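Everything quoted here is computed from the prediction, not taken from an experiment.
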Amino acid sequence: MISWQDGKTRCFWANPKNERYVRYHDEEWGRPVHDDQKLFELLLLECFQAGLSWECVLNKREGFRQAFADFDLDKVCDFTEADVDRLVENPEIIRHRRKIEAAINNARIFRKMAQEYGSFAQYLWQWTEGKVIYDCVNTTSPLSDALSKDLKKRGMKFVGSTTIQSYLQAAGLINAHQPDCFLYAQDTKK
């Protein structure tokens with residue numbers, strides 16, 4: 001158990017030496033997201049996390065924001081091979097060509113799904129019938145397995161079950177705060 005200066009107890013993974021990470025834990029992670037732009041940002045970042053730590057991705061978030069047009073879905077959908085080449089050279093992001101190509105591909109599929117369902121949020125939240133699930137134990141679940149399978153069938157890349165479980169946690173469909181965390185039972189809809 002980490003002793004926090006403010007007296008609050010947080011999830012074990014929140015690094016007290018990284019203020020950005022603590023703010024993310026306290027102000028964003030696990031709060032239900034219904035905004036498509038925010039859902040797109042989280043999906044893009046989670047796909048880059050595959051095989052890495054979230055802290056690594058979070059530390060490069062502003063670089064990603066600049067590199068990916070402030071996570072503007074339509075702009076990212078219009079990225080070309082020249083943009084891929086430019087991004088591979090950008091030291092402010094994770095320069096993994098396949099993940100960069102996947103981010104653009106996933107943006108295009110995300111947009112199609114948003115059009116099909118009225119919003120990507122409507123597509124996503126239907127999986128839980130609009131309810132938040134509490135699960136601070138699993139790194140995959142039947143929900144992440146099924147959602148991952150559906151997204152892959154639609155053509156998305158880097159959306160394995162572990163990545164999707166993490167995405168669902170970040171977007172607040174799964175509240176994964178630990179029972180002793182000050183945010184576990186708190187209303188996180190704010």
Side-chain angles (χ1 to χ4, degrees), residues 1-73 76 87 90-96 99-100 102-103 106-107 110 120-121 124 128 132-141 143-144 147-148 158-190:
M1 177 79 62
I2 296 173
S3 177
W4 295 84
Q5 289 183 347
D6 62 6
K8 295 178 180 175
T9 304
R10 291 176 174 82
C11 296
F12 74 91
W13 54 263
N15 180 356
K17 295 177 183 172
N18 185 337
E19 185 180 325
R20 178 184 294 125
Y21 208 27
V22 174
R23 272 196 325 272
Y24 174 74
H25 171 272
D26 290 1
E27 299 170 9
E28 291 185 65
W29 190 68
R31 294 184 187 265
V33 177
H34 297 274
D35 175 75
D36 274 8
Q37 182 175 2
K38 184 69 174 173
L39 288 169
F40 172 62
E41 173 185 351
L42 290 173
L43 182 64
L44 185 146
L45 294 173
E46 288 291 349
C47 292
F48 273 92
Q49 179 193 351
L52 302 170
S53 75
W54 179 248
E55 190 170 12
C56 172
V57 174
L58 188 63
N59 287 337
K60 291 183 172 281
R61 186 183 204 176
E62 289 312 310
F64 277 107
R65 185 178 312 285
Q66 291 175 9
F68 284 92
D70 202 30
F71 304 112
D72 182 301
L73 179 64
V76 175
L87 292 170
N90 185 340
E92 300 301 314
I93 67 169
I94 295 161
R95 300 181 289 179
H96 188 290
K99 288 182 180 182
I100 292 167
N106 291 355
F110 186 106
F120 190 81
L124 193 60
T128 65
V132 174
I133 297 166
Y134 284 77
D135 177 3
C136 65
V137 177
N138 295 303
T139 57
T140 63
S141 64
L143 172 60
S144 67
L147 183 54
S148 169
F158 289 95
V159 290
S161 187
T162 302
T163 297
I164 294 304
Q165 181 83 357
S166 183
Y167 177 62
L168 294 170
Q169 293 169 346
L173 285 84
I174 296 176
N175 182 326
H177 287 284
Q178 296 170 299
D180 61 345
C181 175
F182 82 98
L183 290 170
Y184 175 74
Q186 192 171 6
D187 179 4
T188 55
K189 292 180 183 174
K190 298 175 186 168

Are side-chain heavy atoms of L87 and F68 found at a separation under 4.5 Å? yes
Just verifying a value: how many Å separate H34 NE2 and F120 CZ, rounded to the nearest 0.5 Å? 13.5 Å
Of D135, V132, L124, N175, which meets side chain to side chain contact (heavy atoms under 4.5 Å, CB included) against L168? L124
Separation of D26 CG from C11 SG (nearest 0.5 Å): 9.5 Å
Got a second to check how far Y21's OH is from W54's CH2, nearest 0.5 Å? 8.5 Å
Looking at every heavy atom in both V76 and A103, which two are closest together, and how far apart are they? CG1-O, 4.3 Å
Does a side chain donor of either Q165 or S141 reach within less than 3.5 Å of an acceptor in the other side chain? yes
Sidechain-backbone polar pair: K99 side chain, F158 backbone, donor-acceptor under 3.5 Å: no
Do K17 and E55 sit within salt-bridge range, that is, some charged N less than 4.0 Å from a carboxylate O? no
Contact summary for S148 and S161, nearest pair of heavy atoms: OG-N, 3.5 Å
Determine, step by step, whether F64 and I94 satisfy the side chain to side chain contact (heavy atoms under 4.5 Å, CB included) criterion, reporting the C-alpha distance in whole Å, the side-chain angles of both residues, the deciding distance to 0.1 Å, and the verdict. CA-CA 8 Å; F64 277 107; I94 295 161; 4.0 Å; yes
Start with the C-alpha distance between F40 and D72, add both sets of side-chain angles, then the distance that settles side chain to side chain contact (heavy atoms under 4.5 Å, CB included), and finish with yes or no. CA-CA 9 Å; F40 172 62; D72 182 301; over 6 Å; no
Check salt bridge (charged side-chain N to carboxylate O under 4.0 Å, His left out) between R65 and all other residues, then give those that pass, not counting sequence neighbours. E41, E62, D70
Any sub-3.5 Å donor-acceptor pair from R23's side-chain atoms to E28's backbone N or O? no
When you check the side-chain N and O atoms of T139 and T162, is any donor under 3.5 Å from an acceptor? no
Looking at CD1 of I174 and CD1 of I164, how far apart are the two atoms once the value is rounded to the nearest 0.5 Å? 10.5 Å
Just do the side chain to side chain contact (heavy atoms under 4.5 Å, CB included) check on L58 and R61 with the steps written out, would you? CA-CA 5 Å; L58 188 63; R61 186 183 204 176; 3.9 Å; yes
Do any N or O atoms from the side chain of H177 and from the backbone of W29 form a donor-acceptor pair under 3.5 angstrom? yes
With a 3.5 Å distance limit and no angle check, can you tell me whether T9 reaches the backbone of F182 through a side-chain donor-acceptor pair? no
Closest non-hydrogen atoms of A171 and L39, given as atom of the first, atom of the second and distance, are CB-CD2, 3.7 Å
Quick one: closest heavy-atom pair of T163 and A50, and the distance? OG1-CB, 4.1 Å
Any donor-acceptor pair under 3.5 Å from N90 side chain to R95 backbone: no
Closest non-hydrogen atom pair between N15 and W4, with its separation: C-CH2, 4.3 Å
Criterion side chain to side chain contact (heavy atoms under 4.5 Å, CB included) on L143 and L173, from CA distance to verdict: CA-CA 10 Å; L143 172 60; L173 285 84; 5.6 Å; no
Between the CG atom in N138 and the CD1 atom in I133, the distance rounded to the nearest 0.5 Å is 11.0 Å
Spatial distance of atom CD1 (I93) from atom CG (L45) [nearest 0.5 Å]: 10.5 Å
What pair of heavy atoms forms the shortest contact from D36 to A121, and how long is it? OD1-N, 2.8 Å
Short question: side chain of K60, backbone of P91 - any donor-acceptor pair under 3.5 Å? yes
Side chain proximity check, R20 to N59, heavy atoms < 4.5 angstrom: yes
